[in-house]
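These numbers were taken from a predicted model, which means no experiment stands behind them. Each chain gets a letter, A, B and so on, in the order the sequences are listed, and its residues count up from 1.
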There are 2 protein chains.
Amino acid sequence: MRAVADLGYVRNVAAANLSQRRVYRFCFVIPEGTNAFFDRVCKIVGAVSPPDGTDRVQIRVERVAAFDAAALAKCLIELSDADLDGIAIVGINDARIDTPIAIMRDKGIAVLAMISDMPESLCDGYIGINNTTAGATAGGLIALSHGGRPGRVLPIVGALTARDHAERIDGFRKTLAATALTIAPLIEGRDRHDLVETHLRAALVADPAITAIYSAGAGNAGLIRVLATLPSDRPRPMVVLHELLPHSRDALEQGLIDIVIDQRPEEEVRRTLALLRCLADRRPLPAARQIVPAIYIRQNLPAEVDPALLEGSAA
Amino acid sequence: MRAVADLGYVRNVAAANLSQRRVYRFCFVIPEGTNAFFDRVCKIVGAVSPPDGTDRVQIRVERVAAFDAAALAKCLIELSDADLDGIAIVGINDARIDTPIAIMRDKGIAVLAMISDMPESLCDGYIGINNTTAGATAGGLIALSHGGRPGRVLPIVGALTARDHAERIDGFRKTLAATALTIAPLIEGRDRHDLVETHLRAALVADPAITAIYSAGAGNAGLIRVLATLPSDRPRPMVVLHELLPHSRDALEQGLIDIVIDQRPEEEVRRTLALLRCLADRRPLPAARQIVPAIYIRQNLPAEVDPALLEGSAA
DNA sequence: GGCAAAATGAAAGACGTCTATCAAAAATGA
DNA sequence: TCATTTTTGATAGACGTCTTTCATTTTGCC
């Protein structure tokens with residue numbers, strides 16, 4: 001190794017791969033459930049790799065019931081014999097997956113956390129946004145929309161026990177603390193649109209002074225239903241929510257909401273694949289840059305994702 | 001070719017490159033002048049490729065006086081004999097560069113327009129943002145910050161003869177037309193901070209009702225100087241400007257301005273290189289997705305760019 | 001010291017493509 | 001028809017690495 005360093009030798013990965021007809025086998029394990037965001041992630045993963053295998057990358061997608069650590073553990077055990085080079089999983093904090101992950105890594109399979117982080121020692125890296133920053137951004141935009149005037153903001157989350165939701169609310173609160181805005185009692189909607197709808201209706205009646213809503217979690221279809229049925233004789237609250245999905249895009253276009261903060265899953269998938277390849281090649285890893293979430297308003301919505309457009313992005 | 005199609009044969013670029021020790025030679029031709037944005041672009045280009053040439057990509061950067069079509073033409077003529085595979089130039093509309101570009105393309109050198117577009121037939125593609133959208137985004141954010149109340153917005157550009165500036169103002173006007181906001185007479189600052197400063201001071205005195213400023217061009221150091229010296233006894237106008245640069249970042253952090261719309265030159269350079277490689281390999285080009293500019297506020301500023309972090313991003 | 005087992009070393013072949021070389025075949029001209 | 005040029009075809013070698021094979025050396029043990 002010292003000679004290698006002295007000579008400045010760098011292994012030619014292309015030649016090495018050519019010599020053994022290397023195929024990279026990766027798997028994305030993605031929660032399945034009511035959350036449309038993960039459907040979007042699946043679509044993206046399905047679209048990154050040309051189906052003809054030109055790029056020698058084979059990607060498999062497994063879906064596992066959301067929040068079900070036992071099912072995830074079982075899936076990981078099965079995958080550990082599937083001759084994979086690496087997997088990406090959406091991190092959850094549950095001791096039941098520790099051993100399966102350790103087994104995989106012992107077998108030389110790289111394990112990355114995506115979207116939601118895991119304890120550092122458990123995996124080879126994390127690709128995702130900083131949720132505290134995302135929440136602070138939401139707070140900043142809400143503050144901006146009030147232009148210094150007072151207001152009252154209603155936060156909605158799935159559950160504060162979910163680390164990402166808690167972090168978003170944390171960043172949000174810290175940002176609002178420096179403003180003239182007050183915060184209404186938080187709603188926990190369990191990421192279910194029906195619960196979000198019910199609780200939100202009640203909250204808006206109970207507290208007519210609300211000037212803005214920040215939804216840090218999922219279940220926004222319920223939120224949008226409420227907004228669509230608000231009386232039109234007075235201005236609706238300003239609304240910020242997360243993830244660009246069919247219903248949030250529609251709501252933006254219709255003017256029912258004002259801002260969508262998107263974690264750019266395309267970028268996350270792209271970087272995850274790049275990292276998985278680095279790990280598979282035992283190449284030095286690029287220093288991790290944080291993914292900055294995108295801010296969307298009506299005017300800068302990107303074109304709808306045409307899966308064909310993603311082809312070749314794994315190259 | 002029909003046999004190729006029938007058999008579904010796809011050329012293995014890695015093997016082909018290996019066999020002939022292929023080196024990709026690209027050149028970025030970037031304007032030189034007072035504009036700090038292009039210095040940033042240069043830094044990014046300089047940082048994408050590892051200096052040891054591991055990735056077989058050699059990137060050269062040429063700087064040419066801004067707005068000087070004759071100088072650009074001369075540079076292109078020289079480059080056409082430099083054994084390049086492709087170049088990226090910042091598009092300008094001037095017939096004097098048509099022939100040099102045609103010559104380059106005749107020699108098999110791919111020519112891409114970056115940041116600013118050129119007539120379609122002239123080059124092999126364009127990588128950059130949609131400036132009409134960017135202007136509309138600025139307008140949308142300013143409208144949002146007024147929350148339905150009336151206001152008066154002052155637009156500043158370098159010159160309306162510059163296509164990108166004109167497009168931004170166009171998108172901006174169209175968006176504001178649907179709001180309660182009025183537009184003050186436009187300032188042309190020629191992208192020079194001294195002129196921007198002088199004109200802006202005068203405009204703010206002449207029109208005390210101004211509630212927001214949209215700077216679509218460069219020379220924002222002058223704008224920021226004015227903001228820093230405004231009387232603090234009443235709220236300053238809301239400010240939106242373009243490009244994340246040292247002084248605009250500082251101004252955001254200090255609360256002198258509210259929003260920066262950034263065209264994400266890292267992404268532009270990355271995609272330009274990817275396209276240049278496709279063209280050099282005569283591979284099918286990925287369908288062009290538009291680059292959506294990023295919206296930055298104080299809370300979601302990305303970490304300062306450490307050049308080392310970009311290493312390997314050309315892979 | 002002698003023999004088997006283990007470790008080390010060297011060399012050949014393969015991966016998929018391109019270039020260069022040379023022979024064979026076809027086309028050209030007298 | 002023959003000599004010459006041009007076209008076509010086939011083959012070898014190279015690119016940088018990994019794996020496999022086989023020969024050689026070293027080690028361990030009685």
**Item:** Contact list for residues 110-126 of chain B, test side chain to side chain donor-acceptor pair (under 3.5 Å), sequence neighbours left out
**Value:** B:Arg105-B:Asp124

**Fill in**
Across all chains, not counting sequence neighbours, the side-chain contact (heavy atoms from CB on, under 4.5 Å) partners of A:Arg60 are A:Cys27, A:Glu62, A:Leu79, A:Ala82

**Message:** Could you tell me if B:Asp55 and B:Tyr24 have a donor-acceptor pair between their side chains, going purely by distance under 3.5 Å?
**Reply:** no

**Fill in**
Test side-chain hydrogen bond (donor to acceptor under 3.5 Å, both in side chains), reference B:Asp85, set B:Arg22, B:Arg277, B:Arg25, output is B:Arg22

**Fill in**
Atom CZ of B:Arg56 and atom C1' of D:dT17 are separated, to the nearest Å, by 12 Å

**Request:** Could you check which nucleotide pairs with C:dA30 in any of the strands shown, counting Watson-Crick or G-U wobble with both distances under 3.5 Å?
**Result:** D:dT1

**Message:** Any residue in residues 13-25 of chain B with a heavy atom nearer than 4.0 angstrom to DNA chain D? Just list them by number, or reply none.
**Reply:** B:Leu18, B:Ser19, B:Arg21

**Asked** Can you tell me how far CD1 of B:Ile295 sits from CD1 of A:Ile261, rounded to the nearest 0.5 angstrom?
**Response** 10.5 Å

